[in-house]
Amino acid sequence: MDMKIVVLGAGAVGLTIAAKLSRVADVHAVARKRHADAVRERGLLMTGIWGEGAYRFSCSEDLPDAWLDADYYIITAKSTDTEAVCRQFAGAIRGREVVSLQNGIGNEEIIGRFTDRVIGGMIITGFEWRGDASVHVSVEAAPMKLGRFPSGMDDAVGRLADLIGEAGIRVEATGGIRSDLWSKTLYNCALNPLGAVTNVPYGALTDPHAWAIVTAIVREAYQVVEAEGVTLPWETAEAYLEYLRTTQLPATATHHSSMLQDLTLGRRTEIDFLNGAVADLGRRHGIDVPYNTCITELIHFREQL
Ligand SMILES: NC(=O)C1=CN([C@@H]2O[C@H](COP(=O)(O)OP(=O)(O)OC[C@H]3O[C@@H](n4cnc5c(N)ncnc54)[C@H](O)[C@@H]3O)[C@@H](O)[C@H]2O)C=CC1
Ligand SMILES: CC(C)(CO)C(=O)C(=O)O
């Protein structure tokens with residue numbers, strides 16, 4: 001029997017993941033009405049580096065009873081909606097395997113209040129809206145990572161990674177997902193808010209003036225990660241900055257920060273799960289975090305304009 005997967009809060013990331021998984025599993029996506037209607041009418045339209053085509057799968061605004069026995073629930077809402085999604089589907093996800101495939105620090109902890117089976121996910125692939133239920137997959141800097149949260153590996157993680165791999169998505173299972181989540185958060189903290197307030201593609205942030213700010217943000221964040229007891233693949237902030245400049249940035253140089261789009265559309269941004277989380281944790285650990293505090297306040301100011 002095929003595995004049953006439910007994607008909760010399916011937008012650009014979630015609908016695309018649902019589409020790919022629909023080729024190897026039974027999939028239902030919970031999405032907003034206009035996307036759900038479009039998926040039902042003509043499928044999810046995908047273009048870009050993950051292939052082209054129309055993908056049909058079950059999609060609606062709610063969770064039909066037939067999906068209450070899903071093997072995995074994957075949350076792909078913005079971090080600002082994690083708590084609300086968990087509350088709305090609390091009955092379904094209690095005691096179930098729930099995966100966060102979101103940016104930032106704090107989602108897994110929120111989900112952990114609703115189920116004791118939390119899987120952390122890190123994805124560094126670009127998904128851009130091209131219309132209702134129409135997504136362009138633009139860039140990919142590394143394989144997806146999946147791991148039991150806060151740490152460890154087990155069969156449930158391995159089975160999901162195998163399934164996602166079968167669907168044609170590059171993925172690796174890991175025993176240390178917090179390290180991957182923090183690695184991605186460093187990248188987002190460095191680029192997302194600065195790219196949003198300056199309205200430039202990420203590649204432009206290597207300019208020396210912008211890079212000085214990126215450097216300060218990353219140095220503060222690095223101290224916080226160390227204080228949190230998380231080991232990153234790079235020994236120092238300087239080593240990460242070199243990786244960011246020479247490997248991650250070239251792979252996503254043309255990308256515009258999605259935070260800018262959130263600001264333009266008058267939506268709340270994920271800043272409190274990124275630089276805001278770094279600033280909060282920094283204060284708790286007695287670490288000076290002026291750059292992360294400043295950029296967080298700046299984004300909150302812009303959110304209100
Ligand atoms: N778009 C991208 O390229 C990438 C995004 N991410 C992260 O992935 C997460 C999702 O990002 P996107 O897909 O871009 O966001 P999105 O805004 O396109 O998708 C989230 C969707 O969930 C819907 N939603 C929220 N609550 C819901 C509910 N209760 N019922 C039904 N639908 C609900 C929203 O209306 C929205 O359509 C974020 O944490 C983001 O930072 C990570 C890597 C790349
Ligand atoms: C889209 C991409 C690859 C680059 O910014 C990303 O992963 C993110 O913004 O979180």
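One-based numbering, in listed order, for ligands and for the atoms of each.
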TODO: Please report which non-hydrogen protein atom sits nearest to atom 7 (O) of ligand 2, along with the residue it belongs to and the distance in Å to one decimal place.
DONE: K184 NZ, 2.9 Å

Open item on the list: For a quick check under 3.5 Å, do H28 and S60 share a side-chain donor-acceptor pair by atom type?
Closed with: yes

Task: Donor on one side chain, acceptor on other, H300 and E303, under 3.5 Å - done: yes

- [ ] Using distance alone, decide if ligand 1 has a nitrogen or oxygen within less than 3.5 Å of any nitrogen or oxygen in W129.
- [x] yes

Open item on the list: Among all the protein's non-hydrogen atoms, which is closest to atom 39 (O) of ligand 1, and how far away is it?
Closed with: E270 OE2, 2.6 Å

Open item on the list: For a quick check under 3.5 Å, do N192 and Y202 share a side-chain donor-acceptor pair by atom type?
Closed with: yes

Open item on the list: Checking Y240 against Q248: is there a side-chain donor and acceptor pair closer than 3.5 Å?
Closed with: yes

Open item on the list: Does the structure place the NZ or CZ of R23 under 6.0 Å from the centre of the six-membered ring of Y55, at an angle of no more than 45° from the ring's axis?
Closed with: yes

Open item on the list: Heavy-atom pairs closer than 4.0 Å: do any link ligand 1 to the side chain of V13, the backbone, both, or neither?
Closed with: both

Open item on the list: So for ligand 1, is G9 a polar contact partner (N or O within less than 3.5 Å, distance only)?
Closed with: yes

Open item on the list: Just to confirm my output: which protein heavy-atom neighbour is closest to atom 28 (C) of ligand 1, and how far is it?
Closed with: R32 NH1, 3.5 Å

TODO: Using a cut-off of 6.0 Å, state whether more than 12 heavy atoms not belonging to Y187 lie near its atom OH.
DONE: yes

Task: For atom 9 (O) of ligand 2, closest protein heavy-atom neighbour - done: N188 ND2, 3.8 Å

Task: Distance-only side-chain donor-acceptor flag, N107 / T82, under 3.5 Å - done: yes

Open item on the list: Quick check: Q88 and ligand 1, any N/O pair under 3.5 Å apart?
Closed with: yes

- [ ] Using non-hydrogen atoms of the residue, decide whether S258 is closer than 4.0 angstrom to ligand 1.
- [x] no

- [ ] Show your working on side-chain contact (heavy atoms from CB on, under 4.5 Å) between V98 and V118 and close with a plain yes or no.
- [x] CA-CA 5 Å; V98 182; V118 184; 5.8 Å; no

TODO: Might you work through the side-chain contact (heavy atoms from CB on, under 4.5 Å) test for R159 and D162, ending with a clear yes or no?
DONE: CA-CA 5 Å; R159 276 196 303 276; D162 286 348; 5.5 Å; no

Open item on the list: Check for me whether F273 has a heavy atom closer than 4.0 Å to any atom of ligand 1.
Closed with: no

Task: Flag for E270-T80: side-chain donor and acceptor within less than 3.5 Å - done: no

Open item on the list: To check your reading of the model: name the closest protein heavy atom to atom 10 (C) of ligand 1, its residue, and the distance in Å.
Closed with: T76 O, 3.1 Å

Open item on the list: Side chains of Q102 and S100: any donor to acceptor distance under 3.5 Å?
Closed with: yes

TODO: Check each heavy atom of L101 against ligand 1 and say whether those closer than 4.0 Å belong to the side chain, the backbone, both or neither.
DONE: backbone

Task: Proximal ligand 2 atoms for Y202, defined as those under 4.0 Å from one of its heavy atoms - done: 4 (C), 5 (O)

Task: Heavy atom of the protein closest to atom 3 (O) of ligand 1 (residue, atom name, distance) - done: F127 N, 2.8 Å

Open item on the list: If we set the cut-off at 4.0 Å for heavy atoms, which region of K184 has an atom near ligand 1: side chain, backbone, both, or neither?
Closed with: side chain

Open item on the list: Just to be sure I'm reading this right: ignoring hydrogens, which of L63, I123, D81, L15 gets closest to atom 25 (C) of ligand 1? Compare them by their nearest heavy atoms.
Closed with: D81

TODO: Please write down residue, atom name and distance for the protein heavy atom closest to atom 15 (O) of ligand 1.
DONE: K78 CE, 3.4 Å

Open item on the list: Applying a heavy-atom cut-off of 4.0 Å, say which part of E140 lies close to ligand 2: side chain, backbone, both or neither.
Closed with: neither

Task: Residue and atom name of the nearest protein heavy atom (relative to atom 44 (C) of ligand 1), distance in Å to one decimal - done: T125 O, 3.0 Å

Task: Verdict with supporting geometry, Q261 and H256, side chain to side chain donor-acceptor pair (under 3.5 Å) - done: CA-CA 9 Å; Q261 205 186 8; H256 278 87; over 6 Å; no

TODO: Report the nearest protein non-hydrogen atom to atom 37 (O) of ligand 1: residue, atom name, distance rounded to 0.1 Å.
DONE: G11 CA, 4.0 Å

TODO: Around atom 4 (C) of ligand 2, find the nearest protein heavy atom and jot down its residue, atom name and distance.
DONE: Y187 OH, 3.0 Å

Open item on the list: Considering non-hydrogen atoms of the protein only, which is the closest contact for atom 6 (N) of ligand 1, and what is the distance?
Closed with: N103 ND2, 3.5 Å

Open item on the list: Could you tell me, atom by atom, which parts of ligand 2 come under 4.0 Å of a heavy atom of I124?
Closed with: 3 (C), 7 (O)

- [ ] Report the member of T125, L191, V137, N192 with the shortest heavy-atom distance to atom 3 (C) of ligand 2.
- [x] T125

- [ ] Please confirm whether V85 comes within less than 3.5 Å of ligand 1 when only nitrogen or oxygen atoms on both sides are compared.
- [x] no

Task: Side-chain donor-acceptor contact under 3.5 Å, W50 with E140 - done: yes

